[in-house]
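Comments concern the structure below.
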Amino acid sequence: MRAIEIVMVALLLAGAGWETAKAQGQELYTVPDGAETRWSSFENPQAAKGKGGEENQTAKGHAFEVVAPGQSRTLLDVKGAGVIQRIWMTVSERSPAVLRSARIEMYWDDAAEPAVNVPVGDFFGLGLGRILPFQNALFSDPEGRSFNSYIPMPYRKAARIVFINDSDASMLLFYDVDFLRVKSLRPDAMYFHAYWSRNAKTQLRKEFEILPEVKGKGRYLGANLGMISDPQYGDTWWGEGEAKIYLDGDTALPTLNGTGSEDFVGSGWGLGAFTHMYQGSPVADEKRHQWAFYRYHIPDAVYFQKNCRVAMQVLGGAPVAEVKQLAERGVPLEAVTVGTDLGMTKLLEQNPAPKLGDIKDSAGFIVFYRQIDYSATAYFYLDSPTHDLPQLPGKEARIAGLPAKYE
């Protein structure tokens with residue numbers, strides 16, 4: 001995201017009386033009425049005026065802290081109205097288990113429940129316990145050693161951010177949270193939320209829920225997903241599943257429906273590694289059968305007035321003969337369509353549906369229901385500082401199946 005876009009989004013969310021987007025580029029050289037810039041870090045944990053770097057006679061005295069297993073650290077705890085503009089963080093231990101075990105919580109307006117409770121690595125835009133250089137509109141990792149978020153996060157009365165080390169390793173933690181103190185927020189400013197989930201073995205015909213139904217008025221901002229293909233499916237293509245967004249009372253059928261997993265992130269005919277502003281796939285690891293990809297709905301806003309649910313179908317594809325071999329080995333699957341250059345045959349609409357063995361090997365490419373180990377972090381704004389989504393799974397469920405390290 002360009003600097004001016006970040007500033008404009010923050011201003012659109014923040015204080016009453018601020019210029020919105022009318023002036024286009026002028027926000028870079030004007031000062032909003034009453035805005036005060038603050039940074040919270042171990043060198044100034046209260047983000048107080050004139051209190052930075054007090055320790056060690058103002059030399060570098062408290063740049064980090066050691067966070068032992070089971071410990072937590074408060075990264076921000078402030079009262080009043082404001083907008084978080086940037087979060088930067090790095091830790092000395094960055095194994096897959098640590099990135100999935102350590103988590104970040106965010107509370108708005110003294111709420112008892114967090115709006116965000118997500119594994120640290122996944123929250124900052126990259127799943128599967130991996131860390132590598134990338135940049136997009138909302139997150140960046142300049143050299144594969146740090147985490148940056150640029151999502152504007154407004155609050156009216158208070159904000160609290162907590163880092164929790166659920167891992168088995170002690171680590172050094174460095175951070176800063178950059179925010180604006182403002183007089184007030186505009187009435188329609190919403191609260192930022194994030195939700196993480198994993199289904200290590202999806203069921204045939206059942207969608208993977210990126211975001212279970214959330215109630216209220218809001219904006220679905222997007223998600224990053226991680227998938228691990230079960231080796232029993234070999235090198236068959238995993239990404240035929242269509243993204244589905246159910247809005248404002250949708251039940252069996254969604255209002256928004258994609259055409260395929262790689263299509264959903266702006267690519268096509270397979271998915272390699274790329275990182276663009278609003279869509280990308282930082283990980284396309286065919287050797288490990290792992291992909292991590294994202295789609296952020298910034299230029300293509302997704303609003304909801306009553307409720308929203310987001311899901312991904314779990315479909316794969318392969319030539320007919322290869323799918324028959326999988327079925328003969330007892331690999332879980334169900335054929336859906338047979339496609340050729342001339343079109344698509346809908347197998348499930350035929351009565352009775354043809355048996356897989358009766359389909360000619362030369363018929364083309366079969367799309368089939370399959371199983372995948374899926375995880376996702378969904379980001380959204382809501383008109384409430386809390387949500388009623390399911391709790392974050394325990395550490396063991398989060399890290400199961402991840403390698404000790406990535407070579």
Side-chain angles (χ1 to χ4, degrees), residues 38-48 51-56 60-79 84 86-108 110-131 139 141 144-149 153 155 158-179 192-198 375 377 386 390-400 402-405:
R38 294 289 187 268
W39 293 357
S40 172
S41 71
F42 287 128
E43 293 283 17
N44 187 1
Q46 300 305 314
K51 295 291 185 179
E54 286 187 307
E55 301 182 44
N56 200 30
K60 190 169 186 173
H62 198 165
F64 66 89
E65 288 191 3
V66 178
V67 186
Q71 291 186 342
S72 64
R73 293 292 185 275
T74 298
L75 309 185
L76 181 70
D77 191 357
V78 293
K79 301 296 184 181
I84 295 169
R86 173 182 178 266
I87 302 173
W88 166 83
M89 181 187 303
T90 188
V91 291
S92 58
E93 295 295 326
R94 298 185 292 273
S95 70
V98 166
L99 295 179
R100 269 280 172 85
S101 299
R103 55 192 172 90
I104 188 168
E105 292 184 340
M106 299 182 185
Y107 298 80
W108 312 128
D110 295 318
E113 297 296 326
V116 175
N117 184 12
V118 172
V120 166
D122 295 78
F123 174 81
F124 284 96
L126 184 58
L128 301 176
R130 303 184 74 140
I131 184 169
F139 303 100
D141 179 357
R145 298 191 296 268
S146 63
F147 309 98
N148 293 271
S149 164
M153 305 175 189
Y155 50 92
R160 182 162 64 95
I161 300 178
V162 184
F163 174 92
I164 302 103
N165 183 11
D166 286 342
S167 80
D168 298 327
S170 292
M171 66 186 75
L172 308 183
L173 169 66
F174 301 73
Y175 82 96
D176 64 67
V177 179
D178 308 344
F179 65 100
F192 172 73
H193 295 252
Y195 171 78
W196 186 89
S197 63
R198 182 185 186 186
S375 57
T377 306
T386 61
Q391 297 292 316
L392 178 71
K395 178 184 72 173
E396 296 306 321
R398 302 199 301 265
I399 68 175
L402 294 181
K405 63 180 181 179

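This is a predicted model, so every value here is computed, not measured. When reading the values below, keep in mind they use all heavy atoms of this one structure, side chains included, and skip hydrogens, waters and symmetry mates.
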* Asked: Which word best sums up how the rings of Y155 and F179 line up, parallel for under 30°, tilted for 30 to 60°, or perpendicular for over 60°?
  -> tilted
* To do: Over 60° means perpendicular and under 30° means parallel, so classify the ring planes of F123 and F139, tilted if in between.
  => perpendicular
State which residues pass salt bridge (Lys or Arg N to Asp or Glu O under 4.0 Å) with [X]; sequence neighbours excluded, sorted by chain then number.
{"X": "E55", "result": "none"}
{"X": "E113", "result": "none"}
{"X": "R103", "result": "E105, D166"}
{"X": "D77", "result": "none"}

Contacts of type side-chain contact (heavy atoms from CB on, under 4.5 Å), residue [X], not counting sequence neighbours:
{"X": "D178", "result": "W39, R86, D176"}
{"X": "A112", "result": "none"}
{"X": "K405", "result": "E407"}

* Flag the pair V118 / H193 as yes when at least one side-chain heavy-atom distance between them is below 4.5 Å, and no otherwise. => no
* Would you indicate whether the side-chain heavy atoms of E43 and K60 approach each other to under 4.5 Å? => yes
For [X], enumerate each residue passing the side-chain hydrogen bond (donor to acceptor under 3.5 Å, both in side chains) test, keeping only those at least two apart in sequence or located in another chain.
{"X": "R160", "result": "none"}
{"X": "Y175", "result": "S40"}
{"X": "K79", "result": "D110"}
{"X": "N165", "result": "S167"}

* **Pair listing, salt bridge (Lys or Arg N to Asp or Glu O under 4.0 Å) test, anchored in residues 114-131, at least two apart** => R100-D122, R130-D285
